[in-house]
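To keep things clear, I will list the structure first and then write my remarks on it.
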Amino acid sequence: MPRVTVDSERCENKKDCVRVCPENVFAIRKPTAKLSILATIKVFAHGGKQAVVVKEEACTGCMACVDACPERAITVVV
């Protein structure tokens, strides 16, 4: 099973991963991780939310999310 992670220090809530994922692995939510000051400011500036992995078990490893993320915040290990 592929392992999917979103780097909360890099994600800026562009929602590209949500749009391209055929398996609905991601959702947009308020961050739960403790963020650095810079990341906190970026998250606030982009609506106060980030992408999170909600259905990792559904991931097929297609890498569409990795290719779509402009911040390079997503890692998929197959």
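These values consider heavy atoms only, across backbone and side chains, with no hydrogens, waters or symmetry-generated copies.
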Gap separating the [atom1] atom of [X] from the [atom2] atom of [Y], nearest 0.5 angstrom:
X	Y	atom1	atom2	answer
C69	K15	SG	NZ	13.0 Å
D7	R72	CG	CZ	13.0 Å
E71	E12	CD	CD	4.0 Å
N24	C17	CG	SG	11.0 Å

Where the side chain of [X] meets the backbone of [Y], is there a donor-acceptor pair that is under 3.5 Å apart?
X	Y	value
R19	A68	no
N13	H46	yes
Q50	S8	yes

So, do [X] and [Y] sit near enough that their side-chain heavy atoms are less than 4.5 Å apart?
X	Y	answer
K49	K30	yes
V25	C65	no
V53	F26	yes

Which atom names give the shortest non-hydrogen contact between [X] and [Y], and what distance separates them?
X	Y	value
P2	E56	O-CG, 3.7 Å
C62	P22	SG-CD, 4.0 Å
V6	A51	CG1-O, 3.5 Å
A27	V54	CB-CG1, 3.7 Å
D16	P70	OD2-CD, 3.4 Å

Would you kindly confirm whether V76 and V18 end up in one hydrophobic cluster when ILVMFWY residues are joined by side chain heavy atoms under 4.5 Å apart?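 Cluster IDs for V76 and V18 match.
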
In terms of hydrophobic clustering (I, L, V, M, F, W, Y; side-chain heavy atoms under 4.5 Å; direct or indirect links), are V4 and V52 co-clustered?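 Unlinked, V4 and V52 end up in two clusters.
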
Please say which of V20, I74, T75 ends up in a side chain to side chain contact (heavy atoms under 4.5 Å, CB included) with V66.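 Result: among V20, I74, T75, I74 is the only option passing the side chain to side chain contact (heavy atoms under 4.5 Å, CB included) with V66.
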
Examine the side chains of E9 and S36 and answer whether a donor and an acceptor come within less than 3.5 Å of each other.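 Their side chains do contain a donor-acceptor pair, which is all the 3.5 Å distance test asks for.
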
Is it the case that more than 12 heavy atoms not belonging to R3 sit under 6.0 Å from its CZ atom?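 Check fails, neighbour count at 12 or below.
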
